Amino acid sequence: MGSTDSQVVFKALAALQLSADELACLQGFLAAAIQPGHCFTLIEEAAGKRACPHCASSRCHRCGQANGLQRYRCLGCGRSFNALTGTPLARLRLRTKWLPYLQCLIGSDTVRKAAQRVAVAKSTSFRWRHRFLAALRRVPPPRLSGIVEADETYHLISQKGSRNLDRPARKRGGKAARRGISREFDCILVARDRTRNTCAFVTGRGPVTAQQLTIHLLPVLARDALLVSDAARAYQAFARSTGISHEIINVQAGMRVRGAMHIQGVNGWHGRFKTWLRRFNGVASRYLNHYAGWQQVLDAAVLTTPRQWLCAAVAGR
Ligand SMILES: [Zn+2]
């Protein structure tokens with residue numbers, strides 16, 4: 001860039017009223033320009049010394065570098081790998097743009113806005129969004145203890161982005177054909193304890209079942225937790241079969257709070273999720289799991305910087 005070009009850029013920057021997240025994005029750009037290898041160092045650090053992703057052998061030796069990352073060769077199976085092999089981030093390119101891109105995920109930018117900010121194609125922006133969200137889904141969910149509220153929220157099924165719809169297209173978001181919670185809805189089960197540890201699971205179409213509660217909820221629930229839910233039969237059957245203590249809040253009968261027993265923490269999470277989801281103008285059912293995980297990370301506010309997001313996505317822990 002000639003000195004006149006840079007003067008034009010500096011002048012334009014000085015004239016702009018940049019918002020806080022635009023400034024954060026710019027900061028990411030500058031950091032990547034000053035230290036292009038920074039992202040690679042973070043990836044290597046987060047992956048640590050890993051076993052072979054093909055055969056789990058720990059007998060590996062260094063075998064040159066490729067695309068900025070150390071390559072290893074496994075003495076067990078003879079195959080090579082790097083820090084990202086076997087993760088959703090393997091083979092994604094333009095790694096020096098990952099940190100600025102993660103800032104866009106933290107800011108909940110749309111695919112188009114993130115593409116513009118990081119200067120990648122819209123298709124790349126879309127692919128990266130879902131690869132990073134898939135990677136973050138590998139982080140083990142928090143363990144829920146003490147009083148644990150659980151409740152579902154429902155999302156009208158959407159085939160957004162599909163080439164072949166198995167029903168006539170809905171106009172402007174649309175409505176369900178039948179009243180109540182039918183198989184026209186995807187169910188998102190949310191459980192939250194009073195220290196605000198939260199788990200969100202997409203359980204499938206239609207109302208949650210006791211079997212789905214056993215699959216999703218049981219592994220994250222402390223054995224001495226006290227489960228609080230509405231009067232849905234699935235929770236009662238789940239509590240009976242697993243021996244988990246259970247309190248019912250009969251929301252439909254107008255009961256909201258009984259002492260410390262309520263499900264307002266989890267219902268607050270549902271409200272924030274639905275409001276946040278609006279910016280995306282409808283999300284496809286097949287990606288709902290990613291959006292629930294995305295909101296889970298944002299709402300927990302434990303990972304707040306691109307660096308932390310990258311480390312969690314690479315390490316899956
Ligand atoms: Zn191996």
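Order of listing sets the numbers, starting from 1, for every ligand and every atom in it. These numbers come from a predicted model, not from an experiment.
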* Test side chain to side chain contact (heavy atoms under 4.5 Å, CB included) applied to Val283 and Leu288, step by step -> CA-CA 7 Å; Val283 304; Leu288 199 53; 3.8 Å; yes

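Side chains of Gln70 and Arg62: a donor on one and an acceptor on the other come within 3.5 Å. No donor-acceptor contact under 3.5 angstrom links the side chains of Glu45 and Thr41, judged on distance only.
Ring-plane geometry between Phe185 and Tyr154 is classed as perpendicular, the angle between the planes exceeding 60 degrees on a 0 to 90 degree scale with a lower cut at 30. Taking the six-membered ring where tryptophan is involved, the planes of His130 and Tyr287 are essentially parallel, since the angle between them stays under 30° and well short of 60°. Trp294 and Phe280 have tilted rings, their planes meeting at an angle from 30° to 60° on a 0 to 90° scale.
Neighbouring protein atoms of the Zn ion (ligand 1) (N, O or S, distance under 2.8 Å, waters ignored): Cys52 SG, Cys55 SG, Cys74 SG, Cys77 SG.
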